[in-house]
Enquirer: 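One structure, as C-alpha cells, below. Some questions next.
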Number of protein chains: 2
Amino acid sequence: MRIGQLAQSVGVDTQTIRFYERQGLLPPPGRQENGYRVYTEKHVERLAFIRRCRILDLSLAEIHELKRYQDDPHQSCTAVNALLDDHISHVRSQITALQALEKQLVSLRASCNDDREVEACGVLAGISEGNMHQQ
Amino acid sequence: MRIGQLAQSVGVDTQTIRFYERQGLLPPPGRQENGYRVYTEKHVERLAFIRRCRILDLSLAEIHELKRYQDDPHQSCTAVNALLDDHISHVRSQITALQALEKQLVSLRASCNDDREVEACGVLAGISEGNMHQQ
DNA sequence: TATTGACCTTATAGCGACTATATAGTTTTA
DNA sequence: TAAAACTATATAGTCGCTATAAGGTCAATA
C-alpha cells in the first residue's frame with residue numbers, strides 16, 4: 001500500500017503521515033525501487049491509533065509515551081491510567097477556565113447595546129477601564 | 001519611560017512589547033539618542049488594553065480590529081458588539097467540545113482499573129479498537 | 001580607572017501539530 | 001504521447017509568544 005492509499009483509508013493527509021514518521025510516531029515503512037513508501041496493515045492500525053489519540057486531544061508526546069508502554073506489554077498499566085487521569089484533569093481545568101471566561105465576556109457584552117457610537121461603546125469602555133470582573 | 005519600566009508597570013516581558021510593536025499593535029515609540037525606546041502614558045494604556053484583550057482570549061487580529069474601530073470613534077459600535085458576540089460563540093463551542101471530550105475520556109478511563117498488565121489494559125484496548133463512544 | 005552588573009539593541013530560532021508551497025521525479029490514464 | 005495524478009524532498013508559514021546569541025550603553029563600585 002502506498003502513502004495515498006494509507007492516507008485515504010485512515011482519513012489523514014499524506015503530509016501528516018510523513019510528519020508522524022519524522023516525529024518517530026510511525027515506523028519508517030519499506031521503500032519501492034523508485035523510493036515510494038510501502039505500508040502494511042500494521043501501519044494502518046498504528047496510524048489509526050494515533051488519530052484516535054489525537055481525537056482525544058492527547059499530545060504527540062503523550063502518544064509517544066503510550067507507545068512505549070505498548071512496547072513493554074507485561075508491566076502494570078498503572079502509568080497508562082495515570083496518563084489518562086492527568087489528561088482528564090487537564091481537560092477539566094480548561095473547561096473551568098473557559099466557563100469563567102464566558103461569564104466575563106457575557107457580562108462585558110451586557111454593558112452595551114448596538115445603538116451607540118464607538119466612542120460611547122460599553123464594551124470598549126469596559127475593556128479600557130478594566131471593569132472585567134476578574135476571576 | 002523606557003521599555004523595562006513599561007514592561008514592569010503592565011506586567012509583560014520586554015520581548016512581548018517589541019513583538020507587539022512589530023505586529024503593529026503598539027505604535028512605535030520615540031527613541032533616545034542611544035536608540036533606547038521612550039514610552040508615554042498613552043503607551044501604557046494601549047499596552048494594558050492589549051493585555052486585557054488577551055486575558056479575554058481575543059486574538060491579535062481581533063485586537064487589531066478593535067483598534068481600527070477606536071480610530072473611527074463616531075461610527076456605530078455594532079461591529080464591536082458583533083466581534084464580541086462571535087467570540088462568545090467561539091468560546092461556547094470550545095466548552096461544548098471539551099465537555100464531550102471529557103465524557104469520552106471518563107468513559108474510556110472507566111474501562112480499566114490499575115491492576116492489569118499493559119497487554120490487557122482497558123484504556124489502550126479502548127483506543128486501539130476505537131470503542132470511544134464518538135460524539 | 002577598570003570592571004561589574006543591569007539595562008538596552010537587533011536578529012534568529014523554537015514551541016505544537018500540522019498545512020502549504022516549491023520543485024522535481026514517476027506512474028497511470030486518455 | 002501528453003496530461004493528470006501520484007510520489008519525493010526541502011522549506012516556510014500558522015499563533016503568540018519565549019529563548020538565545022551577540023552586542024552596545026550606562027551607573028555604581030573596587
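Chain letters run A, B, ... following the sequence lines, proteins first and then strands; every chain starts at 1.
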Enquirer: Please list, in 5' to 3' order, the outermost nucleotides of DNA chain C lying under 4.0 Å from any heavy atom of chain A.
Expert: C/dA17 to C/dT27
Enquirer: My understanding is that only residues two or more places apart in sequence, or in another chain, count here; which of them pass side chain to side chain donor-acceptor pair (under 3.5 Å) with A/E33?
Expert: none
Enquirer: Whether the side chain of B/E62 engages the backbone of B/S59 through a donor-acceptor N/O pair (distance < 3.5 Å, no angle test) should be reported.
Expert: yes
Enquirer: Would you mind reading off the distance between B/L56 atom CG and D/dG16 atom C1', rounded to a whole angstrom?
Expert: 16 Å
Enquirer: Do any N or O atoms from the side chain of A/R54 and from the backbone of A/L58 form a donor-acceptor pair under 3.5 angstrom?
Expert: yes
Enquirer: Taking CZ from B/R2 and P from D/dT25, how many angstroms apart are they, rounded to a whole number?
Expert: 13 Å
Enquirer: Quick check: do A/Q70 and B/E119 have side-chain heavy atoms less than 4.5 Å from each other?
Expert: no
Enquirer: Side chain to side chain contact (heavy atoms under 4.5 Å, CB included), that's the test. Do A/L47 and A/Y20 meet it? Break it down for me.
Expert: CA-CA 9 Å; A/L47 182 58; A/Y20 288 157; 3.7 Å; yes
Enquirer: Tell me every residue that passes ring pair (Phe, Tyr, Trp, His ring centres under 6.0 Å) with B/H87, counting only those two or more places apart in sequence or in another chain.
Expert: none
Enquirer: Side chains of B/R46 and B/Y39: is there a donor and an acceptor less than 3.5 Å apart?
Expert: no
Enquirer: Charged N to carboxylate O under 4.0 angstrom, A/D86 versus A/R92?
Expert: no
Enquirer: Which parts of residues 31-52 of chain A get close to DNA chain D, meaning a heavy atom less than 4.0 angstrom away?
Expert: A/R31, A/G35, A/Y36, A/R37
Enquirer: Between A/D114 and A/R109, is the closest basic N to carboxylate O distance under 4.0 Å?
Expert: yes
Enquirer: Residues in ring pair (Phe, Tyr, Trp, His ring centres under 6.0 Å) with A/F19, at least two apart?
Expert: none
Enquirer: Which residues within residues 5-24 of chain B lie with some heavy atom under 4.0 Å of an atom in DNA chain C?
Expert: B/R18
